[in-house]
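Note sheet for the following structure.
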Number of protein chains: 2
Amino acid sequence: MSSTCQSCKPEHVNFLEATFRKIFPQDNAFRDKAKTRLEQLTMPHWALGDLMDLAVDLAGMTRSLHPPVQRKRVVIMVGDHGVTAEGVSKYPSEVTAQMVYNFINGGAGINALARQAGAEVTVVDMGCAADLSALAEAGKIISKKIGTGTTNMALGPAMTRTNAVFALEAGIQVAEQFAAETDIFATGDMGIGNTTASTAIVAALSGKSIDELTGRGTGLDDAQFAQKKKVLERILQINKPDTKDGIDVLAKVGGYEIGGIAGLIIGAAANRKPVLVDGFISTAGAMIACKLEPFVRDYIICAHRSVEQGHIVMQEQIGCKPLLDLKMRLGEGTGAALAMNVVEAAVAVLTEVATFAEAGVTGTPVA
Amino acid sequence: MSSTCQSCKPEHVNFLEATFRKIFPQDNAFRDKAKTRLEQLTMPHWALGDLMDLAVDLAGMTRSLHPPVQRKRVVIMVGDHGVTAEGVSKYPSEVTAQMVYNFINGGAGINALARQAGAEVTVVDMGCAADLSALAEAGKIISKKIGTGTTNMALGPAMTRTNAVFALEAGIQVAEQFAAETDIFATGDMGIGNTTASTAIVAALSGKSIDELTGRGTGLDDAQFAQKKKVLERILQINKPDTKDGIDVLAKVGGYEIGGIAGLIIGAAANRKPVLVDGFISTAGAMIACKLEPFVRDYIICAHRSVEQGHIVMQEQIGCKPLLDLKMRLGEGTGAALAMNVVEAAVAVLTEVATFAEAGVTGTPVA
């Protein structure tokens, strides 16, 4: 990837490359040990299905038969999108900043679901159009602000290649900052217009059609929906992202918060921390992350299936079956927070259920 | 139903009938109030999908905009099955009692998942083949023992009509006993052979074929699976359950623990408590309960979709979409315990998320 980078400073590439080099596949020895224990539990073989598959993954990610998942953190990456000028969203860009205040006041969907799951919420300003510096100075959010929203990608690249690298780095830095006090990360997003960017990313990386991939986002009517698809066709035509180059895709048709999410996922993987990937926008970030370093995939848990149309394609592309399917389409990390309960349950199965021998239960079938 | 009862004592019918009379549909006023609030939350319309539908249901069940779900209880109904003599299960009947010891020692799958969800586990001996009186005397389980396993239903009715009524009553009594200290119930089962009984129940009540409905239970091989289907055909042919009479179906092709589950669900509904119905066996109990009193349906939450083949038919018959689909097939209440997290999340959405007005977020779409 580094050889294709023309404009970014060498040290940036070095930081990214250095992070990639810290990412290893899941540990097969721990996967096997977990599998062996799970096969001896007092229940029919693999009777807890996906929970057991997840437990094996968690053991492989964390190199532990007691994968720690107690300290949970949802990181909400925030960014605005110049492409909203094209009328692709039902809500105005101001809502992005308004929702940041809602997050820090504890009144958003993610706050309720993170509390239920026992997770901390961290808000990162990656590129909100509004000035949120007072919140950052007060320690209520983290500022990694790259700009006040991306450029309108219907007219040209959403951001420079340098800024795409900055966004990825910022996400990694957030993961690094919290790695020592976090057992499991979850991704979240806020950014009016970001289903358009995410659809452009999955279109570029999957090669599938805009028609197949585009959803109604926050709730477009038929005319708005048709407009969104038209804009998306133009975005791809004008930008022609290099589909072999994740940074180019991010720069041309992505968003600051999507870069932050990709970076967070990369940073989590480099720290051998499981990362629950939320919905449509987060999975666009995951696609970028996996494009840059495929081993990242080994640390990703797909939290849920969004109703946003292209989400299933994204999850197929990265090869990940979601844990939940509850017709959710909010983002913010809500699906990932909810899925933390499932992760905790998977660990409980691995660590708390007795084996046939331990419990004195007849494990051998009838002769 | 009472007019068709020939053998049971009048007071039994009266207790059942009296309980049915306490069951009312969900309260539409509270459903509407919940819906109104949810539509004003700081998110796109109904963006938390099934969580919001569930929140409306919970408000309707509990007549509250703050549905209590803190005090959770999984009730595991235990019973043995004479039909195991036909080689329909991979494990011997002794495992039923061994698993009861595992439950009270905290080593089973349900213990791990109930702990994760913050739920109490109550074990009820409805008809285990083994003598568990010492455990009942020590207060570790509740004894509602009707017999030491059902009669082999491949040769005739599984139990008398009187005992079927006893089983239903016992389940109601357990719900009554804990109603004051329980906000939400979950059903669980333990009983080697009980997928056969449950398959017979869904076959009788749905009219669908044994081939379509039968699964491999705890993990039968091809020869055992063929034998199970042959036995099931014989069970239905010999017993000819009256499909209009839930008590007759329970008596002829059910099980003591399945009657207990049906009773628990009826008792929960009579106390306006939500009840999370677990997998294949629990949903067979729910079918019996709904057959006896259709309004029971209004208090049922289908926790998950089991991999056991006929489960989808059961859930379609009672008209209930499950919350989770994680390839689980253990029973014990494990799926219901896991789904308690989703219920808690639904309540958090209803009670903790700010409205547009409260949060000062622009709720009106772009003009």
Side-chain angles (χ1 to χ4, degrees), chain A residues 41-51 53 84 87 89-92 94-95 98-99 101-102 105-109 111-113 115-117 217-219 307 323-332 334 337-338 341-342 344-345 347-349 351-354 358-362 365-366, chain B residues 41-51 53 87 89-92 94-95 98-99 101-102 105-109 111-113 115-117 217-219 307 323-332 334 337-338 341-342 344-345 347-349 351-354 358-363 365-366:
Chain A
L41 298 185
T42 43
M43 59 183 68
H45 185 259
W46 226 254
L48 288 175
D50 292 348
L51 288 185
D53 293 339
T84 53
S89 180
K90 200 172 161 184
Y91 292 89
E94 296 91 87
V95 168
Q98 290 168 349
M99 285 302 295
Y101 284 91
N102 202 12
N105 291 330
N111 301 104
L113 295 183
R115 274 193 293 269
Q116 189 278 326
T218 50
V307 286
L323 296 174
L324 302 170
D325 186 359
L326 291 165
K327 294 199 174 63
M328 291 163 65
R329 55 180 178 87
L330 176 53
E332 302 178 1
T334 45
L338 188 55
N341 293 292
V342 182
E344 211 167 65
V347 171
V349 171
T351 58
E352 297 179 26
V353 180
E358 285 165 4
V361 173
T362 308
V366 183
Chain B
L41 299 185
T42 42
M43 58 184 70
H45 185 257
W46 225 253
L48 289 175
D50 292 347
L51 288 185
D53 293 337
S89 179
K90 201 173 159 185
Y91 292 88
E94 296 92 86
V95 167
Q98 290 168 352
M99 285 303 295
Y101 284 90
N102 201 14
N105 291 329
N111 301 105
L113 295 183
R115 274 192 294 269
Q116 190 278 327
T218 49
V307 286
L323 297 173
L324 303 170
D325 187 359
L326 291 165
K327 292 200 176 63
M328 291 163 66
R329 54 180 178 87
L330 177 54
E332 301 178 0
T334 45
L338 187 56
N341 293 292
V342 181
E344 211 168 65
V347 171
V349 171
T351 59
E352 298 179 26
V353 179
E358 286 165 1
V361 174
T362 307
V366 183

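A note on names: the letters A, B, ... follow the listed sequences, proteins ahead of strands, and every chain is numbered from 1. Computed from a predicted structure; not experimentally measured.
- Side-chain contact between B:Thr334 and A:Val349: absent, with no pair of heavy atoms (C-beta onward) separated by less than 4.5 Å.
- To the nearest 0.5 Å, atoms CG (A:Leu324) and CG (B:Leu323) are separated by 9.5 Å.
- Residues B:Thr362 and A:Gln98 share a closest heavy-atom pair of N-OE1, 2.8 Å.
- Residues B:Asn111 and A:Glu352 are not in side-chain contact: their nearest non-hydrogen atoms beyond the backbone lie 4.5 Å or more apart.
- For chain B, no part of A:Glu94 is nearby; none of its heavy atoms comes within less than 4.5 Å.
- Comparing A:Met328, A:Glu358, A:Glu344, A:Arg329 by heavy-atom pairs within less than 4.5 Å of chain B, the highest count is held by A:Arg329.
- Contacts with chain B were tallied for A:Ala47, A:Gly107, A:Gly219; A:Ala47 has the most, counting heavy-atom pairs under 4.5 Å.
- If you tally non-hydrogen atom pairs under 4.5 Å between each of B:Leu48, B:Leu41, B:Asp325, B:Val342 and chain A, the highest count goes to B:Leu48.
- If you tally non-hydrogen atom pairs under 4.5 Å between each of B:Ala348, B:Gly106, B:Ala108, B:Ala112 and chain A, the highest count goes to B:Ala112.
- Distance CG/A:Leu326 to CG/B:Asp50: 5.0 Å, rounded to 0.5 Å.
- Exactly one residue among A:Val95, A:Asn102, A:Leu330 makes a side chain to side chain contact (heavy atoms under 4.5 Å, CB included) with B:Thr42. That residue is A:Asn102.
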